[in-house]
Every structure is written in C-alpha cells, then in structure tokens.
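Reading through the structure tokens given below for one structure.
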Amino acid sequence: MGLLLTAGCAAPLQTDRLLQTARAFPQPVELSEVPFFPQEAYQCGPAALASALNWTGVPATPEALAPQVYLPERKGSLQLELLAAARRHGRIPYVLRPQLESLFAEVASGNPVLVLQNLGLSWIPKWHYAVVVGFDLPRNQIVLRSGLKQRHVIPIHVFERTWRRGNYWATVVMPPDRLPHTAEELPYLQSVVPLERLKRWREAAAAYNAALKRWPKSLPAQLGRGNSLYALGDLHGAEQAFRQAVRDHPDSVPALNNLAQTLADQGRWRQAERVALRAVELGGPLLDASRETLDQILQHTSTNNLLGPD
Amino acid sequence: MNKLRRIAKPVSHLVVLGLLVLGIHLPAAQAGLISTETVVNAEQVQQDRERLRDMLTREDVKNQLLARGVSPDQIEARVDGLTDSEVQTLAAKIDQLPAGAGVLEVALVVFLVLLVTDILGYTDIFPFVKKPAKR
C-alpha cells in the first residue's frame, strides 16, 4: 500500500523548498473578489473558466461556456480547449512555468490561476479544474475555488501532490492590456496570435501594445500591432508600427512587405515601390509574397504613370 | 452518420488541396500582408509546406471534435482559438489528454482506498476529510 502511494512521488515536493523561503511571500494573499460558480456534473472546466473570465470583466456563465469547451465523448474539458475559449472572449491565456513560485507570483500580482489537478491517484484519476485565489505560506495553506466549495482551503503540499499529478499545468487568463507577471516574450505572443484568426483585432492590438511596453523591439509584437491596426482600418497607425519594425529589424521581409502594402493602400506609390523592392531583394522563404506586393505596386505605377505624393 | 464522418476527412483534404491548386492564398492577416503567425512561431519564418500541414491538421482536429460529439456550429471557432502547436498536440493526443470533469465514478473498494489516501494527505477527493497539516 505504501509502495503504491509513493510510486512516482519520489522527487521532493516543491512545497518543501518554498516553505523554507517563506519570507519571499510573508503576507497571506487572497483575491476574495474572484467570483465563484459551483460546478455541475462534469462541468468543472466551464465553472473554473467562468471564474477566471468574470474576474477580467467578461460576464460568461458556465452554461454559456460549456458548448465551447465540453467534449461529450470524453465527459470533460481539455486544457487546450479552455485556452481557445478564453481567446474567443478576447482574453489572453498564458500557461505558467510548472513551478509553485510562478503560481504564487501571479496570485500575489492579482491574477487568479486556473489549475489542472488529478485529485485521485495516477491509476484512479479524478481530473479536475480549480482556481487558485490565495495562499498563506507561514500557515502552509492554499485557497481554491473548487467544485462546490467557494473557499477550499488545504495544505500546500496536499495541493501540490494533486497538481503534480496534473503535470503542474496552470494558466492565467488576462485582459489584453495587462501582461502576466511571469510572461515571457514568445510564449506570450504565440498565445495572442489566434485572436487574429478569431478577428478579435481590438484586443489583439491592445495585447501587442502591452507586449511592446515590456519588449519594445519585439518583431512579432511590432508586426502584430501593425497587422491589427491595419485590420481595424487604421492605416496611419499600421504604417507607424511597420516603420518601427523596419527601423529595429531592417532585414525583416514581413516588416518591409507590410509597410509597402500599407503605403500603397494610402496611394503613396513611389515610397511603396522602394520599400517593396528592398523586400524582394532580400529574398528568403517569403519571396513569393513580397514579389506579389511589388508586382501589384508596379502594375499601378506603370498603368497610371502617376506617382503619388512621396 | 459514422460513414459520413469517415468520408469527411479525405474529402476535406481534397478540398484544401483543390483550393491550393486553384492558387487560393494560405491564411494571411489580410490580402497583401504577411501574417503575424508567420513570424511568431519561434521567430522562424514558416515555409508554405509547413503552413499547408498546419491547415490540414486543423481540418483533422475539426473532424475529431465532430466525431466526439461537439456541436457542428461550435467546431470552427473552437479550432480557430488554438495556436498551431496546440493544434498539433490536440491532433496527436485528443484521447490521451486529461479531460477535467471533477467527477469520479468508482467502486466501493476504490472509494475506501481514496478515503485512506485522503486522510494521509496524498489525494483530495473528499472535502469532508480534514487534511494533515504536516506531511
């Protein structure tokens, strides 16, 4: 029996390490305003997601979220589908590093954390989603919105064992104008990009703006900002974004190509042609796209023979 | 219905290939612009071949969701919300990934095992069990 229980649990718990440095988070933290939705059968995914979304100002109910995340044949919700659903509501999910420190850092910065737990054992799994809303290191306690309990308080090491069986999976759900405390550049931007496919341009632009405040020279963020503003019809803003991208990354074909297209759309053909030519000269895997942009500009300038204002 | 689903996948692949042959563009943010997705994947510019693969994988995941009971009018948006790498993971492991449900359906003997492990602080099934403060 003891063997069965300890199998796979040989590695020391992170809790031990963390409790030794309890001074890092001396004060108890609790985000008591995070709303609670008691879960109905099989619906802990929608309930946990509703908590996280409502905290960011999206008034979604578990009933409304269920068709967006529930997988009938599996009688549950997959992690990746929770992320996708958050994006459908114009929010940015960000999966944390698998460490208690990251989890607590987010909660301490005011961001509740949605976690996957296996409340049972590896061979009798009970997969469950809950939302961490508080912790108290000196008293070794963690506070969750979980199942039917609005305030589920358990020792941190008990939580960690259930969380470890869920491979330490945790995500925050952020409003687009705020970065997670522990955000890293590429993973964050990769999580933003699907908002473009969902045509959530306004939120995408806000997220790229937030990213540029922390990583001012990030090429994907600069391009994303330009593309989003372009989609919103703000050609001037898009041009500024692409110009900045070209300044910081003079050899970026996407930056040059998109700047050329934006200039052409504003009737500034001479400038557009110059920029498009540079993109084509650089070649590379996107040559087809940049050549097409150039051709389209040349077509216009040759037929009209009327070069617009520079 | 099952038969239809079996046919749906090869057909959707054919349709995608057909679109490509006709020269219809791979997804870009807008006509003329190169999409953000093209540069964000580890900042490596994606080749057309990879973008084609991603597109086919998306179709594959849509069919898999459909076959697992998701309502057809939800399929498109559920897959659109995923990144390319999330789509790859889902396509490969949709039946192995944990599905959080928060519900346990087990026999009495297992119930007793879990009661004991709860009391010992290894599991957290029963809210009424007082968890040990010391490990």
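All heavy atoms count here, side chains included; hydrogens, waters and symmetry mates do not.
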Which one, [options], leads in non-hydrogen pairs under 4.5 Å with chain B?
{"options": "A/Gly166, A/Gly284, A/Ala84", "answer": "A/Ala84"}
{"options": "A/Thr293, A/Leu189, A/Leu71", "answer": "A/Leu71"}
{"options": "A/Leu80, A/Ile156, A/Thr262, A/Leu223", "answer": "A/Leu80"}
{"options": "A/Gly224, A/Ala255, A/Pro67, A/Ala289", "answer": "A/Pro67"}

Q. Among B/Gly121, B/Gly100, B/Ala77, who wins on heavy-atom pairs under 4.5 Å with chain A?
A. B/Gly100
Q: Measure the shortest side-chain to side-chain distance between B/Tyr122 and A/His157 over non-hydrogen atoms and say whether it is less than 4.5 angstrom.
A: no
Q. Got A/Val193 and B/Thr83 here, is their nearest side-chain heavy-atom distance under 4.5 Å?
A. no
Q | Ionic contact status for A/Arg87 with B/Glu86, cut-off 4.0 Å | A | yes
Mark yes or no for whether [X], through its side chain, and [Y], through its backbone, hold a donor-acceptor pair below 3.5 Å.
{"X": "B/Asp118", "Y": "A/Gly120", "value": "no"}
{"X": "A/Gln39", "Y": "B/Ala101", "value": "yes"}
{"X": "A/Arg88", "Y": "B/Gly81", "value": "no"}
{"X": "A/Gln190", "Y": "B/Val40", "value": "yes"}
{"X": "A/Arg74", "Y": "B/Pro98", "value": "no"}
{"X": "A/Asn227", "Y": "B/Ile34", "value": "yes"}

Q: Establish, from distance only, whether the side-chain atoms of A/Thr162 and B/Asp124 form a donor-acceptor pair under 3.5 Å.
A: no
(Q) Any donor-acceptor pair under 3.5 Å linking the side-chain atoms of A/Glu196 with those of B/Ser35? (A) no
Q | Atom of B/Val70, atom of A/Tyr70 and distance for their closest heavy-atom approach | A | CG2-O, 4.2 Å
Q. What are the two closest heavy atoms between A/Val69 and B/Arg78, and how far apart are they?
A. O-NH2, 3.2 Å
Q: Count the heavy atoms belonging to other residues, nucleotides or ligands that lie under 6.0 Å from NZ of A/Lys149, then report whether that count exceeds 12.
A: yes
Q) Counting only heavy atoms not in A/Gln141, do more than 12 fall under 6.0 Å of its CD? A) yes
Just verifying a value: how many Å separate [X] [atom1] and [Y] [atom2], rounded to the nearest 0.5 Å?
{"X": "B/Ile125", "Y": "A/Asn118", "atom1": "CD1", "atom2": "CG", "result": "7.5 Å"}
{"X": "A/Ile124", "Y": "B/Phe111", "atom1": "CD1", "atom2": "CZ", "result": "12.0 Å"}
{"X": "B/Leu97", "Y": "A/Glu81", "atom1": "CG", "atom2": "CD", "result": "10.0 Å"}
{"X": "A/Gln222", "Y": "B/Thr36", "atom1": "CD", "atom2": "OG1", "result": "11.5 Å"}

Q | From A/Leu121, A/Val158, A/Leu119, residue fulfilling side chain to side chain contact (heavy atoms under 4.5 Å, CB included) relative to B/Thr123 | A | A/Leu121
**Q.** Toward chain A, the part of B/Asp95 with a non-hydrogen atom under 4.5 Å
**A.** both
Q) Is chain A contacted by the side chain of B/Ile94, its backbone, both, or neither, given a heavy-atom distance below 4.5 Å? A) both
